[in-house]
Amino acid sequence: MEDSRLKKIEELRRRGINPYPYRFEISDFIGNVRKRFEREVPEGLRVRVRGKAKRVSRTEEGFMVRLSDEENVEILVFTKEEGLKPGEVYTFEGVLSRVEGKLSLVDAKLSEGEVESIKEIKSRFDSDPQNKEVSLAGRLVSLRSMGKAIFGHIQDLTGRIQIYVKKDVVGEEEFRLFNEIFDLGDIIGVKGKLFRTQTGELTVEVQSFRLLAKCLHPLPEKWHGLKDVEIRYRQRYLDLIANPDSRRTFLLRSRLISELRRFLDKKGFVEVETPILQPVASGANAKPFVTYHNYLEMNLYLRIAPELYLKRLIVGGFPRVYELGRNFRNEGVDRTHNPEFTMVEFYAAYWDYRDLMSFTEELLTYLLEKVVGKLKISYEGKELDFTPPFRRVRYFDLLKEKTGKDKEFFLRDLEGLKALAKELEIPNYEKLTHAKLLDKVFERVAEEDLVQPTFVIDFPKLLSPLAKTHREDTDLVERFELIVATYEIANAYTELNDPTDQKERFLQQLKEKEMGDEEAMEIDEDFIRALEYGMPPTAGEGIGIDRLVMLLTDTDTIRDVILFPHMRPQ
RNA sequence: GGGCUGGUAGCUCAGCCGGCAGAGCAGCGGACUCUUAAUCCGCAGGUCGCGGGUUCGAAUCCCGCCCAGCCCA
C-alpha cells in the first residue's frame, strides 16, 4: 500500500472529513447522462474530414490521431496509415463511430476531395448540454492539473465523463483540498454543470466534490490496462476497473441472461429451483463433487445436471419449466471447461424434439437481435450466420460422409470401430467402452468442421440414456445437439417417459460403469417411480450459457466470460 | 500426469552469450485557468516468483519447488 495515501487519510480525519462517508446522491449513471446528449451514429456512415494532427499515438493495431480543425474542435481518427506527423494537416475518410462515447473515425484512410467540417459533424451527433446540473459519482481514472484548473475523468460501469475543477468556481480552499486529498483510483462524487469544452467533449464543471472512498493502491497502467491474465482472474475487480473489454463482456452476459429469462417467461415457461445438493448425481455423464451432510450423516453430491428434477416437475403438472443455474463437474480446467458452469434447461410437455429445433432457432435469433443486434457474428475470424433455418444433419449421415462407414458398422462392428479409432490415434482406445469409442470417433471426425450453426440429429441410443427411442429406428433416439464453431451449444431430446425403458437404460449405464466408464449415469430410483405416475410426452433442452457468451464476445477462453474462474490458491 | 513458454518497480515491458537493476506510465516536489496517452523541470521507487547449487561475482548458468498460460494426455 502507498504510505502517501494512508497519510492522506489521516490528514482528512484530522480535518474532520470522513474518508469513507455513508452516501452520495447521484442524479444518474454516467453513461445515461452521456446518452442524453449523444445521438447514436448510424452504422457504416462514411465521412471525410480535414484537420491538423495534434497528436499521433501508436495503438495495438495502428495509430490514433487527434485531428483538430481551425476552431480546435477535435475528432479521434483510428488509422493504419504509417508515417503521420503531429502538426501536419491531413484529410481522412473513415467510418463514423463512437469509441468510449467519443465521436471517432475508424478504419480511416488518407484521402482527398470535398470534406465535411469536424464541428458540423459533431454538432449533428453531440448536442449542447445547456448547463444542466448533474450529480455524478465514479472512480477517478485520470487527472491533469493545469495549475489553477484541473481536468480529469471519472468512470462507472456505464461510461466515463470528463470533470473540470476551476479555482474560480470552487474557491481557493476547496481547490487546494482537491489537489491535496485526491489520488487516481479514488471514488469521488461531483456536482456541477454540464458543458462542452472547445474540443467538444462533454464535461462537468465541478461546483462541489466529495471523497466517497479512498483507493490505497495505484491503479494499473492507464494506456495498456491490466494484461497479466493471472491478476485479471484473481483480482477481477482490477480487470473491470482497467479493461473496458472486460466490462463489455460481463455486461453482455448479464443482458443475455436477462433476455433469455424474458423470452422463456413470455413463452409460458415457469422458472423453478431444484436441488443443487443431490443424494444421487445423475442426469449427465460426468463425475460429481462430493460433500458431506453432518446432520444426515451422508454424502451428498453437487448436481451435474438438474434434468431429473425438472422432469419430476413435468410429472407434477408444470407443463413448461426452466432452470437457469450452475452445474458442477469434477474435472479438469481448460479453455472450454470450468468446474462450475452455467446452463439453462427447459422442458415443454406435449412437444417433441422437432418442436425444440424451431424453438431453438427462434430463441437464438431473439437473443442475438437483443444482445448484439444482428444475426451474423464474427468468431475467430469466421463469420457465423444464425439466420434460420439452421442446417440439420443426421448423426450417422455425418459419420458416413466423413468415414464412408454406415450405422451398422458403428453399432455392430466393435472390432472394426476399434481399428478405426486406432487409425485416428484416439488415445486409450483399447480401454474405452463401445459407447465412449463411438463418442470419441464422432468428436474427432465430425465435430471438427461444424462451424455454421448445425443441428446434428438422431443420435445412437447407447449414447443417450434419457432420450426417447426414435419413432422410426430403434437404434436411435430423438435427440439433437446444436453445434456452432465446433462447440456444443445445446443438447436436446424428446424425453424418455416409459418407466420400463428408462429402467433398462439405467441398467445398461450400470453395465457401462462396470466396464470402466466412470462417467456412466447413476440410477435414480425415485425418478423412475415418478415416471411410473405418468409423464406426458415432453421435450427438453439444455443450453450452455458460458459457451454462448464466448461466441457472442469472440472469446476463446471460458475464463474470460466467468467473473471469478477457479484458480489454485496463491 | 507430460512437453513448451512465462513470473524483473503499483502497471506495461526491456535487460538474460555472468560484471553498478533499466525505460514508459503511475508516485512525490515544482510551473501552468480548455487539458484529454497534457506538457515542462526535478526526485524517489526493487526479496529480479521461492529454495538450493556452480562461480571471485548470478536477474542472467544448473537443480528442485510454487503460480500462470499454451499444447498434449
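Scope of the values below: all heavy atoms of this structure, side chains included, with no hydrogens, waters or symmetry mates. In what follows, every chain begins at residue 1, and chains take the letters A, B, ... in the order their sequences are listed.
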Legend entry - Option passing side chain to side chain donor-acceptor pair (under 3.5 Å) with A/His153 (candidates A/Glu201, A/Arg160, A/Arg139, A/Glu100): A/Glu201
Legend entry - Spacing of A/Arg144 atom CZ relative to B/rU33 atom P, expressed in whole Å: 16 Å
Legend entry - Residue matched to B/rU39 through Watson-Crick or wobble contacts both under 3.5 angstrom: B/rA31
Legend entry - B/rG46 - base-pair partner by Watson-Crick or wobble geometry, distances under 3.5 Å: none
Legend entry - Length of the line joining A/Glu180:CD and B/rG27:P, which is rounded to integer Å: 16 Å
Inset, instruction - Give me the ring orientation class for A/Tyr395 and A/Phe459: parallel if the planes are under 30° apart, tilted from 30 to 60°, perpendicular past 60°. - result: tilted
Inset, instruction - Please tell me which of A/Leu219 and A/Arg196 maps to the more 5' nucleotide of RNA chain B, matching each residue to the nucleotide holding its nearest heavy atom. - result: A/Leu219
Inset, instruction - May I ask you to decide if the ring planes of A/Tyr90 and A/Phe92 are parallel, tilted or perpendicular, using 30° and 60° as cut-offs? - result: tilted
Legend entry - Sub-4.0 Å heavy-atom contacts from residues 165-174 of chain A onto RNA chain B, ordered by number: A/Lys166, A/Asp168
Legend entry - Side chain of A/Lys227 (C-beta onward), nearest among B/rC34, B/rU35, B/rU12: B/rU12
Inset, instruction - Produce a footprint string for nucleotides 68-73 of chain B: one letter per nucleotide, 5' end first; B if the base is under 4.0 Å from any protein heavy atom, S if only the sugar-phosphate is, - if neither. - result: SSSS-S
Legend entry - Among A/Arg124, A/Lys122, A/Arg50, salt bridge (Lys or Arg N to Asp or Glu O under 4.0 Å) partner for A/Glu116: A/Arg124
Inset, instruction - Calculate the interatomic distance between A/Leu202 atom CG and B/rU35 atom P; express it in whole Å. - result: 17 Å
Legend entry - Atom-pair distance (NE2 on A/His224; P on B/rA23), nearest Å: 17 Å
Inset, instruction - Enumerate the residues from residues 66-87 of chain A whose closest heavy atom to RNA chain B is under 4.0 Å, giving them by residue number; use none for an empty result. - result: A/Arg66
Legend entry - A/Trp223 CH2 - B/rA37 C1' separation (whole Å): 5 Å
Inset, instruction - Please state how far atom CG in A/Leu143 lies from atom P in B/rA26, giving the value in whole angstrom units. - result: 10 Å
Inset, instruction - Would you please test A/Asp556 and A/Tyr379 for side chain to side chain donor-acceptor pair (under 3.5 Å) and show each step? - result: CA-CA 9 Å; A/Asp556 66 355; A/Tyr379 186 75; over 6 Å; no
Legend entry - Nucleic acid contacts - residues 145-161 of chain A versus RNA chain B, non-hydrogen atoms under 4.0 Å: A/Ser145, A/Met146, A/Gly147, A/Lys148, A/Ala149, A/Phe151, A/His153
Inset, instruction - Under 4.0 Å between any heavy atoms, over every strand shown, what does A/Lys440 touch: base, sugar-phosphate, or nothing? Just pick one. - result: nothing
Inset, instruction - Heavy atoms only: give me the nearest A/Arg236-A/Leu563 pair and the separation to one decimal. - result: NE-O, 2.7 Å
Legend entry - Identity of whatever pairs with B/rU55 - Watson-Crick or G-U, under 3.5 angstrom: none
Inset, instruction - Test side chain to side chain donor-acceptor pair (under 3.5 Å) on A/Ser68 and A/Arg66 and set out the steps. - result: CA-CA 6 Å; A/Ser68 152; A/Arg66 277 173 53 212; over 6 Å; no
Legend entry - Between P of B/rC11 and CZ of A/Arg232, the distance in whole Å: 15 Å
Inset, instruction - Check step by step if side chain to side chain donor-acceptor pair (under 3.5 Å) holds for A/Asp560 and A/Thr555. - result: CA-CA 7 Å; A/Asp560 282 343; A/Thr555 299; 5.4 Å; no
Inset, instruction - Mind checking A/Phe195 for me? I need base, sugar-phosphate or nothing, with any heavy atom below 4.0 Å counting as a touch. - result: base
Return the polar atom pairs (N/O with N/O) between nucleotides 41-44 of chain B and the protein under 3.5 Å, or none.
none

Inset, instruction - Any chance you could lay out the side-chain contact (heavy atoms from CB on, under 4.5 Å) test for A/Asp183 and A/Asp186, step after step, and finish with the verdict? - result: CA-CA 6 Å; A/Asp183 290 298; A/Asp186 291 352; 3.9 Å; yes
Legend entry - Closest to the A/Tyr164 side chain, choosing from B/rC34, B/rG24, B/rG27: B/rC34
Inset, instruction - In plain terms, say whether A/Glu522 and A/Lys513 are close enough for a salt bridge, that is, a side-chain N and a carboxylate O under 4.0 Å apart. - result: yes
Legend entry - Pairing residues for A/Lys402 by the side chain to side chain donor-acceptor pair (under 3.5 Å) criterion, not counting sequence neighbours: A/Asp449
Inset, instruction - Identify the nucleotide, in any strand shown, that forms a Watson-Crick or G-U wobble pair with B/rA23, with both distances under 3.5 Å; if there is none, say none. - result: B/rU12
Inset, instruction - Record whether the side chain of A/Gln162 comes under 3.5 Å of the base of B/rU35 through a donor-acceptor pair of N or O atoms. - result: yes
Legend entry - Full working for side-chain contact (heavy atoms from CB on, under 4.5 Å) between A/Leu411 and A/Leu438: CA-CA 8 Å; A/Leu411 292 185; A/Leu438 180 55; 4.1 Å; yes
Legend entry - A/Glu201 CD to B/rU35 P, straight-line distance once rounded to whole Å: 12 Å
